[in-house]
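I have placed the structure first, in the form of structure tokens, so that the comments after it can refer back to it.
The analysis underlying the following values was restricted to heavy atoms, covering all of them including side chains, and did not include hydrogens, waters or symmetry mates.
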Amino acid sequence: MTANGVVSHEPEKDLHRVLLLLDIQVAMLAAPPVGVPASSTVRTNLSRILAHARAAHPPPLIVHVRNSGDSGDPDEPDADGWQLIFPPLSGEIVIDKRKNNAFAGTTLDKVIPPTAEIVVAGFQTDYSIRATCSAALGRGNEVLLIKGAHATYDRIEVLHGGGITPACRIEAEIEAELEEAGVHLLDMKDLPNLFTDR
């Protein structure tokens with residue numbers, strides 16, 4: 001790991017493909033209500049995606065982005081909830097962020113070439129996933145988002161009569177929004193060929 005918190009990547013990595021893991025931290029995958037409602041299913045899917053990426057020849061560049069929350073937040077730096085669920089291996093990069101867009105205020109734009117295809121997974125669908133996918137599209141990256149490998153929380157509605165919008169509905173709405181913007185939506189059944197030449 002370098003002084004700025006980035007684990008250097010090895011030259012034999014496929015830099016045209018990137019697995020971007022957003023905010024896959026202990027707090028997000030804890031049992032609800034601390035973690036997201038779909039934490040168990042999403043954790044299994046994320047584990048499968050990471051295993052496929054690590055087994056690919058050559059493997060994609062794997063980047064773990066860790067959110068650093070405010071004091072008292074579950075993901076406050078160095079708190080248990082801040083820790084990554086999947087410990088990075090040698091050659092994988094770790095970048096800490098403070099904003100929803102993982103490119104904002106970080107070195108991510110220097111790590112991921114604008115010509116790279118980025119597979120995005122993690123949390124939260126309506127914050128970091130949406131903002132980072134949008135920023136990547138704006139840079140010219142091809143962006144792939146896997147259904148069942150991102151999630152968020154139920155939303156308590158303050159306006160329009162109140163009520164609760166289920167997380168699954170929010171996730172579907174953001175998927176549709178991002179697909180309209182140019183993100184390619186994939187299913188877990190697409191995983192076997194995801195990190196190979198297509």
Side-chain angles (χ1 to χ4, degrees), residues 17-56 59-69 73-75 79-89 92 94-95 97 100-102 117-134 136 143-157 163-181 183-196 198:
R17 286 209 175 90
V18 176
L19 174 59
L20 183 58
L21 301 170
L22 294 174
D23 306 350
I24 303 177
Q25 295 163 254
V26 169
M28 297 301 299
L29 285 171
V34 175
V36 297
S39 59
S40 178
T41 301
V42 174
R43 181 184 180 132
T44 299
N45 289 343
L46 292 169
S47 179
R48 287 179 56 207
I49 291 166
L50 182 56
H52 269 79
R54 286 173 170 170
L61 177 64
I62 298 174
V63 182
H64 304 259
V65 176
R66 179 172 50 199
N67 192 65
S68 296
D73 287 347
D75 59 355
D80 289 343
W82 178 75
Q83 304 302 325
L84 293 170
I85 289 284
F86 306 114
L89 300 183
E92 298 178 3
V94 176
I95 294 178
K97 71 173 180 65
N100 289 327
N101 173 6
E117 174 186 273
I118 306 175
V119 176
V120 179
F123 306 101
Q124 282 177 247
T125 305
D126 45 344
Y127 293 99
S128 293
I129 295 287
R130 172 199 264 158
T132 303
C133 285
S134 298
V143 181
L144 292 76
L145 180 63
I146 306 172
K147 294 179 182 181
H150 64 91
T152 193
Y153 293 96
D154 295 336
R155 182 174 60 218
I156 298 172
E157 304 294 351
I164 295 176
T165 301
C168 59
R169 184 184 306 163
I170 297 166
E171 292 154 11
E173 289 172 357
I174 301 302
E175 286 173 353
E177 173 189 314
L178 290 174
E179 185 174 37
E180 179 70 22
V183 171
H184 303 283
L185 290 182
L186 302 177
D187 294 299
M188 286 300 295
K189 68 181 181 184
D190 299 313
L191 184 56
N193 299 315
L194 188 57
F195 300 107
T196 59
R198 299 183 289 284

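Pairing each heavy atom of Phe123 with each of Leu29, the nearest pair is CZ-CD2, 3.5 Å. The two atoms that bring Asn100 and Thr132 nearest to each other are O-OG1, 3.2 Å, heavy atoms only. Shown here for Phe195 and His52, the closest heavy-atom pair between the two residues is CD1-C, 4.1 Å. When all heavy atoms are compared, the tightest approach of Ile62 to Leu21 is CG2-CD1, 4.1 Å. When all heavy atoms of Asp154 and Ala167 are compared, the closest pair comes out as OD1-N, 2.7 Å. When every heavy atom of Ile170 is checked against every heavy atom of Tyr153, the shortest pair comes out as CD1-O, 3.6 Å.
Listed for the Gln25 side chain is a donor-acceptor partner under 3.5 Å among the backbone atoms of Asn67.
A salt bridge links Lys97 with Asp23: at least one charged nitrogen is closer than 4.0 Å to a carboxylate oxygen.
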Go through the steps for Leu61 and Leu20 under the test side-chain contact (heavy atoms from CB on, under 4.5 Å), then give the verdict. CA-CA 8 Å; Leu61 177 64; Leu20 183 58; over 6 Å; no
Stepwise side-chain contact (heavy atoms from CB on, under 4.5 Å) check, Asn45 with Val42: CA-CA 5 Å; Asn45 289 343; Val42 174; 5.6 Å; no
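For the residue pair His150/Gln124, the side-chain donor-acceptor check at 3.5 Å is not satisfied. Residues Glu171 and Thr152 bring no donor and acceptor atom of their side chains to less than 3.5 Å of each other.
In the displayed structure, Asp80 atom CG is contacted under 6.0 Å by at most 12 heavy atoms of other residues, nucleotides or ligands. Heavy-atom neighbours of Tyr127 OH from other residues, nucleotides or ligands within 6.0 Å: at or below the threshold of 12.
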